[in-house]
Every structure is written in C-alpha cells, then in structure tokens.
There are 2 protein chains.
Amino acid sequence: MDNHDLRKAGLKVTLPRIKILQILETAEQHHMSAEDVFKKLLSSDGDVGLATVYRVLTQFESAGLVTRHNFEGGHSVFELNQGEHHDHIVCSCCGLVKEFYDDIIEEQQKHVAKKAGFEMIDHSLTIYGLCQTCANENSG
Amino acid sequence: MDNHDLRKAGLKVTLPRIKILQILETAEQHHMSAEDVFKKLLSSDGDVGLATVYRVLTQFESAGLVTRHNFEGGHSVFELNQGEHHDHIVCSCCGLVKEFYDDIIEEQQKHVAKKAGFEMIDHSLTIYGLCQTCANENSG
DNA sequence: CTAATTGCAAAAGCTTTGCAGCGCA
DNA sequence: TGCGCTGCAAAGCTTTTGCAATTAG
C-alpha cells in the first residue's frame, strides 16, 4: 500500500507523491529519469510540475524508497527500491537496462574495499554493452 | 612524448592541448574535472578558455587519451589513460579516489554479460566508502 | 488552523555551440 | 596559404530554489 510507505517515510500523502509512486511501480521499464516521470504524469492528468517531480524523487531517495543512478548521459535515473540489491547492465545502443546480482562480485568488492582501507558504504557497478537485438542489427 | 600522442590522434599540436596534457600527467590527483584543469591553467599562465578545456578533453576522450567518469555529484571527471584498466573506490566524505584492479571481478563481469546476452563493451565499477582518515574523524 | 506541499518561473550549475580572429602544418 | 583551433559570450540542459497559493492532518 503506497500511502503507508509514504507515511512511514514521514511524508504527507499528497496526490503528486501517490501518482509518482504508482508510475514508478507500474512502469514497464523501471529506470526512469525525472523527465520520463514528468511525461507520464502529463499524459495521465497534467497537473504536476517538473519541479515537484524532482523534489519528490529527491525526497523518496532520502527516504530510501528509490535509488538514484548516474549512468552515462548527464541525467539521473531513478528506480524504485524493491527486492534486493542488484547491479545494472545497460545497452549502449538502445538504452535497455537489465539487472543482475552476482554473489562472487559482491563478496569480492567487500574484499577490495577492506584491502584499500575503506569502509564500504555503497557501490555502483554498471556494465555497458550491446543487447542481443542491437548486436544483431549491427552485424546484419 | 606528448606531441607524438597528439599527432597520433590526428590533433594539431597546440599550446592549450600540450598544457592540458601536461596537467593531466603531472597532477597529483589524476582524476580532474574540467574546472580543476581550468584552474590549474589559470594559475600557470591564464590564456586558455574553459570552453577550450571542455573541447580538448572531449577530443582526448574520443582519441582514447583520457577516460571520462560520471561519479556521483553531477560533473564529469577525466583521467589520463595510462597503464591498464582499473576501477575506482571513492571516499564519500573527502572525495579521495583510489584505483584498484581485481581479476576475479573482471572475469566475473564477462561471465555476467554473456549470461545476460550482452556483448560487453565497457564497464564502470565504483565503490563508495569512507577512507581511513574520514572513518577515524567520524568515529573519534 | 498550521505547517508542509505545490506550481510557476526564475536561477543555478555544468557543458556545448556560434563566430570572428589566430596559429599550426 | 588554408583549415583547424581558440577565446569569448551566448545558449542549452538538467536540476534547484523563491514565493504565493493550496492542501493534508
């Protein structure tokens, strides 16, 4: 239940926040830029400002509801926090994002951080490549 | 020899390019933003525009002389391509950047990409954490 | 009722681009 | 000599902020 998540985060349950949460939940591609979310809002109703989208997404990030990623390309993308941690593999051609989780890599990172004398807080691993579709198009 | 690298990249050997290359080579912290490079230029002579710094760095990137990273924080940082590939561990507190290379992680990434049906082009692994200095300050 | 929230518009970064003049090859 | 390169200033993009009106609790 959305409203519960919002309240738990200390945020008032307002229409923009509910809508944005729903968009993030139901989006087929759940890595969205602020602009993406804004466009979806426009087509659904058209009463939420872009500034609000940014504010809400930032609040959601602080509340731990979403994660912000800085993939290549200058703008941030946001993703709903559901399920376990994972990393990303992004198609450089079409922008497709797939998620993956690899135990060996996770373990090895802790190891590396310790060896470097760091207390690991977080990490961001993104593999860039060509998805099958794009690879076929380019070769054929 | 700098000039040789430039010519090899099909770039004319001009003063701004030589200077920027030297700055990247001799910088103690060799992950620099365009602004960082620009400031160094100002203190050395003061005749290179910020726009030129961006242009030259972008050209260097295309030529494979430098790599552009999108760490957290909105702006790009550039790093001279010398020696082997490596990943980064960044201090969230003071911004210190350390490099590391881990064979197991490298291998495992190839594996993951293949399993996801991607042709791997590149990858970017950044661990965020607290360096020893910052960890001590925060605990003490 | 009160403080949080919103929309709009304006501003603030970082980065790119247009253009006239300068410099390398 | 010619084209590439440069500096400056202006524009472009994403993101943030100020403010008056609105709304949740």
Side-chain angles (χ1 to χ4, degrees), chain A residues 1-23 31-42 44-63 65-78 95, chain B residues 1-23 31-42 44-63 65-78 95:
Chain A
M1 188 176 186
D2 302 344
N3 301 6
H4 183 234
D5 287 331
L6 289 174
R7 286 214 185 78
K8 212 167 48 180
L11 299 170
K12 285 192 178 177
V13 179
T14 62
L15 207 56
R17 299 219 251 243
I18 293 173
K19 280 187 183 175
I20 291 175
L21 209 46
Q22 283 177 348
I23 285 176
H31 298 80
M32 305 183 74
S33 67
E35 196 72 33
D36 292 337
V37 173
F38 180 62
K39 280 182 196 146
K40 284 244 176 189
L41 283 168
L42 280 186
S44 81
D45 207 318
D47 231 19
V48 180
L50 182 55
T52 299
V53 174
Y54 276 104
R55 272 187 291 233
V56 168
L57 286 174
T58 303
Q59 290 159 346
F60 283 5
E61 186 191 11
S62 303
L65 294 177
V66 308
T67 301
R68 181 195 299 248
H69 300 287
N70 302 294
F71 296 156
E72 290 172 338
H75 61 280
S76 303
V77 303
F78 299 84
Chain B
M1 188 180 187
D2 301 345
N3 302 5
H4 184 232
D5 287 331
L6 289 174
R7 286 212 186 79
K8 212 166 49 177
L11 298 170
K12 284 191 179 177
V13 180
T14 63
L15 208 56
R17 300 218 251 243
I18 293 172
K19 281 188 182 172
I20 291 174
L21 210 46
Q22 282 177 349
I23 285 176
H31 298 80
M32 307 184 73
S33 67
E35 197 72 33
D36 292 336
V37 173
F38 180 61
K39 280 183 197 144
K40 284 245 175 187
L41 283 169
L42 280 187
S44 81
D45 208 317
D47 231 20
V48 179
L50 182 55
T52 299
V53 175
Y54 276 105
R55 270 188 293 233
V56 168
L57 287 174
T58 303
Q59 290 160 345
F60 283 4
E61 186 192 10
S62 303
L65 294 176
V66 308
T67 301
R68 179 195 299 249
H69 300 287
N70 301 295
F71 295 155
E72 290 173 339
H75 61 279
S76 303
V77 302
F78 299 84

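Convention: sequence-line order gives letters A, B, ...; per-chain numbering from 1.
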Are side-chain heavy atoms of Asn70(A) and Phe71(B) found at a separation under 4.5 Å? no
Salt bridge (Lys or Arg N to Asp or Glu O under 4.0 Å) partners for Arg68(B), two or more places apart: Glu61(B)
Glu61(A) CD to dT16(D) P, in whole Å, measures 9 Å
Between P of dG4(D) and CG of Leu6(B), the distance in whole Å: 17 Å
Before you tell me yes or no, could you show the steps for Val37(A) and Phe78(A) under side-chain contact (heavy atoms from CB on, under 4.5 Å), namely the whole-Å CA-CA distance, both residues' side-chain angles and the distance that decides it to 0.1 Å? CA-CA 9 Å; Val37(A) 173; Phe78(A) 299 84; over 6 Å; no
Would you check if the side chain of Thr52(B) reaches a backbone N or O of Val48(B) as a donor-acceptor pair within less than 3.5 Å? no
At under 4.0 Å between heavy atoms, which parts of nucleotides 18-25 of chain C does protein reach? Answer with one letter per nucleotide, 5' to 3': B base, S sugar-phosphate only, - none. B----BBS
How would you label the contact of Ser33(B) with the nucleic acid (heavy atoms, under 4.0 Å): base, sugar-phosphate, or nothing? nothing
Quick one, Arg7(A) and Leu11(A) - any side-chain contact, counting heavy atoms below 4.5 Å? no
Between Leu57(A) (CG) and dT14(D) (P), how many Å, whole number? 15 Å
Once you round it to whole Å, what is the distance between P of dC14(C) and CZ of Phe38(B)? 13 Å
Looking at the side chain of Thr58(A), which of dT15(C), dT16(D), dT5(C) is the nearest nucleotide? dT16(D)
Which one, dG7(C), dT6(D), dT15(C), comes nearest to the side chain of Val48(A)? dG7(C)
Below 4.5 Å, heavy atoms only, C-beta onward: do Leu6(A) and Phe60(A) meet side chain to side chain? yes
For Lys12(B), does its backbone N or O pair with a side-chain atom of Arg17(B) as donor and acceptor, under 3.5 Å? yes
Between Glu35(A) (CD) and dC13(D) (P), how many Å, whole number? 11 Å
To the nearest Å, how far apart are Asp47(A) CG and dG7(C) P? 7 Å
What is the distance, rounded to the nearest whole Å, between atom CD of Gln59(A) and atom C1' of dT17(D)? 14 Å
Does Ser76(B) place a side-chain N or O at less than 4.0 Å from the phosphate oxygens OP1/OP2 of dT15(C)? yes
Could you give the angle between the helix axes at the two ends of the helix from dC1(C)-dG25(D) to dA25(C)-dT1(D), with five pairs per end, rounded to 10 degrees? 40°
Please determine whether side-chain contact (heavy atoms from CB on, under 4.5 Å) holds for the pair His31(A) and His69(A), giving the CA-CA distance in whole Å, both sets of side-chain angles, and the decisive distance to 0.1 Å. CA-CA 9 Å; His31(A) 298 80; His69(A) 300 287; 4.3 Å; yes
Nearest-nucleotide 5' precedence on DNA chain C, Gly10(A) against Tyr54(B): Gly10(A)
Whole angstroms only, please: what is the NZ-C1' distance between Lys19(B) and dT6(D)? 12 Å
Yes or no on side-chain contact (heavy atoms from CB on, under 4.5 Å) for Lys40(A) and Ile20(A), after CA distance, side-chain angles and deciding distance? CA-CA 9 Å; Lys40(A) 284 244 176 189; Ile20(A) 291 175; over 6 Å; no
